[in-house]
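Structure first, then comments.
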Amino acid sequence: MTERDINIEGEETLDEAPVDETAKEAATEENTSEETAAETEEEKDPLEKAQEQIEELKTQLLYKVAEFENYRKRTLKERAELILNGGEKVITAILPIIDDMERAIENGAKTDDPEVLREGMTLIHQKFMKTLESQGVSKIDTKDADFDTDVHEAVAMVPGMGEDKKGKVIDCLQEGYKLNDKVIRHAKVAVGQ
């Protein structure tokens, strides 16, 4: 027979040469173990990948939680510092006025002229108002103003003032103030009825 024989159905086949049986068994075992390993990898691979992703996500989550906790502590600390020291700028601006008042008190003891004391108090008051304005504090206008519940508080209604004074501020009993357009104290006013 030649290397190629024709089988019964007419197909050509190769004549099998004598093969070492142990090599054949080793190759078969190797192929089987590779197939088994490939099947195991395919079976374990998605599970292992998922577990690795879970571990990675857990680690990321722990870092994010720690980072957020540090951020929260830092902002709480900053907020506490702002509450404790937030008025520092205003107090620093007011200290020179206190110095002026102390000087006025000392000089007031040296003079008997009430006009000098009045003039000193007026100058201190003006300086104080300028300092407040520089800090964003402004007086609420009440002179001939329409009554506005957002900035005024009616403490008295004055009847018989005429139609032109109806709903208008007649008198201001206590000044009101705003801090950067926010009312911090309403003006107490008498309103025409």
Side-chain angles (χ1 to χ4, degrees), residues 53-54 56-193:
Q53 283 180 335
I54 289 171
E56 185 179 322
L57 291 173
K58 279 182 182 178
T59 304
Q60 287 178 1
L61 178 65
L62 288 174
Y63 283 128
K64 295 296 180 188
V65 167
E67 187 178 320
F68 179 74
E69 188 64 25
N70 290 337
Y71 168 77
R72 190 180 68 78
K73 286 178 182 176
R74 187 174 57 247
T75 54
L76 284 174
K77 182 180 176 185
E78 289 171 358
R79 187 177 301 147
E81 286 177 6
L82 279 174
I83 290 169
L84 289 175
N85 302 322
E88 180 179 355
K89 181 180 173 187
V90 175
I91 299 299
T92 304
I94 291 175
L95 287 177
I97 298 166
I98 293 173
D99 295 337
D100 289 347
M101 291 178 87
E102 289 172 350
R103 280 192 290 273
I105 291 169
E106 285 177 23
N107 290 332
K110 296 177 185 175
T111 185
D112 291 332
D113 187 8
E115 191 59 37
V116 172
L117 294 175
R118 188 175 297 119
E119 185 180 333
M121 291 302 291
T122 303
L123 291 172
I124 291 171
H125 180 263
Q126 289 172 354
K127 185 174 184 179
F128 187 67
M129 292 308 293
K130 285 181 182 175
T131 302
L132 287 178
E133 286 174 10
S134 72
Q135 299 299 315
V137 177
S138 62
K139 216 182 248 192
I140 294 173
D141 184 34
T142 57
K143 188 173 183 178
D144 297 326
D146 289 333
F147 178 71
D148 182 1
T149 56
D150 291 335
V151 293
H152 301 128
E153 178 183 340
V155 292
M157 299 296 282
V158 182
M161 295 301 291
E163 285 298 314
D164 59 329
K165 297 287 185 176
K166 189 174 184 179
K168 298 261 187 195
V169 173
I170 303 298
D171 189 24
C172 181
L173 305 172
Q174 185 180 50
E175 296 289 341
Y177 294 92
K178 290 182 181 183
L179 176 62
N180 300 323
D181 295 327
K182 178 185 176 195
V183 175
I184 55 175
R185 185 172 85 178
H186 290 78
K188 293 184 180 181
V189 296
V191 182
Q193 197 171 23

The single option from E153, M157, K165, K166 passing side chain to side chain contact (heavy atoms under 4.5 Å, CB included) against V191 | M157

Here the gap from M129 atom CE to S138 atom OG, rounded to the nearest 0.5 Å, amounts to 9.0 Å

Going by an N to O cut-off under 4.0 Å, is there a salt bridge joining E133 and K130?
-> no

May I ask you to check whether over 12 heavy atoms, not counting those of Q193, lie within 6.0 Å of atom CD?
-> yes

For the side chain of H152 and the backbone of D148, is there at least one donor-acceptor N/O pair under 3.5 Å apart?
-> yes

Considering residues, nucleotides and ligands other than D112, do more than 12 of their heavy atoms fall under 6.0 Å from its CG?
-> no

Check: residues 98-111 side-chain donor-acceptor pairs under 3.5 Å, at least two apart:
from	atom 1	to	atom 2	distance (Å)
D100	OD1	R103	NH2	2.3
D100	OD2	K127	NZ	2.8
N107	ND2	R103	O	3.4
T111	OG1	D113	N	3.2

Contacts of Q126 meeting side-chain contact (heavy atoms from CB on, under 4.5 Å) (sequence neighbours excluded), chain-then-number -> T122, L123

Evaluate the side chain to side chain contact (heavy atoms under 4.5 Å, CB included) criterion for residues Q135 and L132: first the C-alpha distance (whole Å), next the side-chain angles of each, then the deciding distance (0.1 Å), finally the verdict.
-> CA-CA 5 Å; Q135 299 299 315; L132 287 178; 5.5 Å; no

Are side-chain heavy atoms of R118 and M121 found at a separation under 4.5 Å?
-> no

I'd like a table of donor-acceptor pairs (distance under 3.5 Å, sequence neighbours excluded) in which one partner is a side-chain atom from residues 167-186, with atom names and distances.
from	atom 1	to	atom 2	distance (Å)
K168	NZ	D146	OD1	2.8
R185	NE	E175	O	3.0
R185	NH2	E175	O	2.6
H186	NE2	D150	O	3.2

